[in-house]
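Report on the structure given below.
Everything numeric here is computed off the predicted structure, so don't read it as measured data.
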Amino acid sequence: MKKVQKFLFINFALVFFIFLSCSNESKVVKVGILHSQSGTMEMSERPLIQADLLAIEEINNAGGVLGKKIVPIVEDGASDPDTFAVKAKKLLTEDKVACIFGCWTSASRKAVKIVVEEEFGLLWYPLQYEGMESSPNIMYLGATPNQQIVPAVEYCVKNFGKNAYLIGSDYVFPQTANKIIKAQLKSLGANVVQETYKTLGCTNCLPAIEEIKAMKPDFVLSTLNGSTNIKFFQLLHESGLDPKEIPIMSFSISEAEVEAIGPENMAGHYLSWNYFSSMDTPENLDFIRRYRKKYGDEKMVGAPLEAAYSSVFMWKQAVESAESFDVEAVRIACKNMEIKIPEGLVTMDGNNQHTYKKIRLGKIKADGMIEQVWESETYVRPDPYLSVYAWARGL
């Protein structure tokens, strides 16, 4: 009799545990956060993890999504595209996440693109990039070339001169961006005096700096990424190069990277983005206050961080509109969706899953903040294939 009672008790406990687990499972929705926590891209990507987690915390505190609490599963892409692909596969097939928020470099995005298309997952990508791409399984929150690169090049030629030096990291974004830049410069009657690439994580930047000083271009267009920027701008500052004589326009550095590089090394140079933390709006000031309250009063906020934070709220709005976590339902709900985020009111293009954006160019000040020097009059339609520019045909 005792054996039977013991058997019944064990089985009851097992059934109750399974019921409890299923009950708890029904109250949560899992999402993946896939950014580099190690390697050369850690400097740039770790703040994006913090932004994602802040957004998730705020949403959970407000009741979650469709009555479910969001459970983030954070994975380290380790600044390596192959690792990003492996981790994305794990998140979708083992962890069964509803979507992934992640990637920085185009190399990592392209590696994850293959996975999300095969597994029909959904990646929310927060970075500006080189364009020439549109995937049904990616929501592109950053700028396309016509929303960042093209206006910056026009500004440099108009204000600095016609001789450009191009320097970038040796992977897909800088290489493709420079093809675009060279075609545009040619159409403007401007010249490329030199084109140089450095491997990701490279610290041997002195030869390029000596070349810049010797060639004396009117300006430098930089697509350097990751920790290479620290060494490049430190050595540049030590070399005595005056940004008034040879200004640098960077496409992959935001306020967060300026903080890591050192404002004293970057003051006087330029950035091209869609958001600056210096924007004086109630929504932006409140966002910065909440971010700094959680992570530290001195933390700098930049465009990729703001886009990462906003992407979680955009996913939430799409899920609630679709009344489903299903990828296809969420995709459909995103078409022409409008949402107010710290950078302003943005609209998701219903055709290519990129967003309409204001374009902002800024000059770095001694305190690391950005003085805005130019802004587009309207929100600019995303054109990832540069279809409206005659000079871009064939790219």
Output, in order, the C-alpha distance, side-chain angles, deciding distance and verdict of side-chain hydrogen bond (donor to acceptor under 3.5 Å, both in side chains) for D218 and Y165. CA-CA 8 Å; D218 295 315; Y165 184 103; over 6 Å; no
Please determine whether side-chain hydrogen bond (donor to acceptor under 3.5 Å, both in side chains) holds for the pair E211 and Q194, giving the CA-CA distance in whole Å, both sets of side-chain angles, and the decisive distance to 0.1 Å. CA-CA 9 Å; E211 195 171 58; Q194 184 62 282; 3.3 Å; yes
Determine whether Y140 and N352 satisfy the following criterion, side-chain hydrogen bond (donor to acceptor under 3.5 Å, both in side chains), listing intermediate values before the conclusion. CA-CA 9 Å; Y140 301 83; N352 58 35; over 6 Å; no
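Between the side chains of S106 and E130, at least one donor-acceptor pair of N or O atoms lies under 3.5 Å. Looking only at atom types and distance, the side chain of Q148 has no donor-acceptor partner in the side chain of N274 under 3.5 Å away. Side-chain atoms of N225 and S252 form a donor-acceptor pair, as typed in the model, at a separation below 3.5 Å. Side-chain atoms of S278 and E371 include no donor-acceptor pair closer than 3.5 Å. T93 and E119 share no donor-acceptor pair across their side chains, judged by distance under 3.5 Å alone. S187 and Q184 share no side-chain donor-acceptor pair at under 3.5 Å.
Put simply, the side chain of Y309 never gets that close to the backbone of Q50: no donor and acceptor are under 3.5 Å apart. A donor-acceptor contact shorter than 3.5 Å is absent between the side chain of Q234 and the backbone of N265. A side-chain donor-acceptor contact under 3.5 Å links Q317 to the backbone of E338. Within the 3.5 Å criterion, the main-chain N or O of L224 finds no donor-acceptor partner in the side chain of S169. Put simply, the side chain of S311 gets close to the backbone of A308: a donor and an acceptor are under 3.5 Å apart. Proximity of a side-chain donor or acceptor of K335 to a complementary backbone N or O of G350 within less than 3.5 Å is detected. Here the side chain of K89 pairs no donor or acceptor atom with the backbone of E94 at under 3.5 angstrom. Of the possible donor and acceptor atoms, one in the side chain of K198 sits under 3.5 Å from a partner among the backbone N and O of N204. The backbone N or O of T40 lies less than 3.5 Å from a partner atom in the side chain of S79, making a donor-acceptor pair. Using a distance-only test at 3.5 Å, with no hydrogens or angles considered, a donor-acceptor pair links the side chain of N284 to the main chain of S277.
Counting all heavy atoms, side chain and backbone alike, V330 lies closest to A318 at CG1-CB, 3.8 Å. Residues P174 and Y197 approach most closely at O-OH, 3.9 Å, considering heavy atoms. Nearest heavy atoms, L91 versus E75: CD2-CG, 3.9 Å. Nearest heavy-atom pair, I253 versus W273, reported as atom, atom and distance to 0.1 Å: O-NE1, 2.5 Å. E320 and G64 make their closest contact through OE2-O, 4.0 Å (heavy atoms, listed as atom of the first residue, atom of the second, distance). The two residues I33 and P72 come nearest to each other via the heavy atoms CD1-CB, 3.9 Å.
At a threshold of 4.0 Å, the pair K182-E195 counts as salt-bridged, since one of the basic side-chain nitrogens sits closer than that to a carboxylate oxygen. Residues K110 and E133 are paired through a salt bridge, judged by an N-O separation under 4.0 Å between the basic side chain and the carboxylate. Salt bridge status for K158 with E154: absent, with no side-chain N to carboxylate O gap under 4.0 Å. Residues R292 and E298 are not paired through a salt bridge, judged by the lack of any N-O separation under 4.0 Å between the basic side chain and the carboxylate. Electrostatic pairing of R290 and E58 counts as a salt bridge here, judged by a charged N lying under 4.0 Å from a carboxylate O. Electrostatic pairing of K294 and E57 counts as a salt bridge here, judged by a charged N lying under 4.0 Å from a carboxylate O.
Looking at heavy atoms from C-beta onward, L361 lies out of side-chain contact with L271 at the 4.5 angstrom threshold. The shortest side-chain heavy-atom distance between P47 and Y295 does not fall under the 4.5 Å cut-off. Inter-residue side-chain proximity for K113 and L123 is flagged as unmet; no heavy-atom pair is nearer than 4.5 Å. In this structure, the side chains of H35 and R46 stay at 4.5 Å or more apart for every pair of heavy atoms. Residues I341 and E306 form a side-chain contact, since some pair of their non-hydrogen atoms from C-beta on lies under 4.5 Å apart. Within the 4.5 Å cutoff, no side-chain heavy atoms of Y270 are placed close to those of C156. Between V380 and K358, the closest side-chain pair of non-hydrogen atoms is not below 4.5 Å. For the pair C103 and F84, the minimum side-chain heavy-atom distance is below 4.5 Å.
In this structure, R109 satisfies the cation-pi test against Y125, with its NZ or CZ atom closer than 6.0 Å to the six-membered ring centre and inside 45 degrees of the ring normal.
Between H354 and Y129, the angle of the ring planes stays under 30°, which puts this pair in the parallel group of the 30/60° scheme.
Taking the ring centroids of Y155 and F219, they lie at or beyond the 6.0 Å cut-off. If you look at F233 and H269, their ring centroids are closer than 6.0 Å.
In this structure, CD on Q147 lies 8.5 Å from CG on D383, to the nearest 0.5 angstrom.
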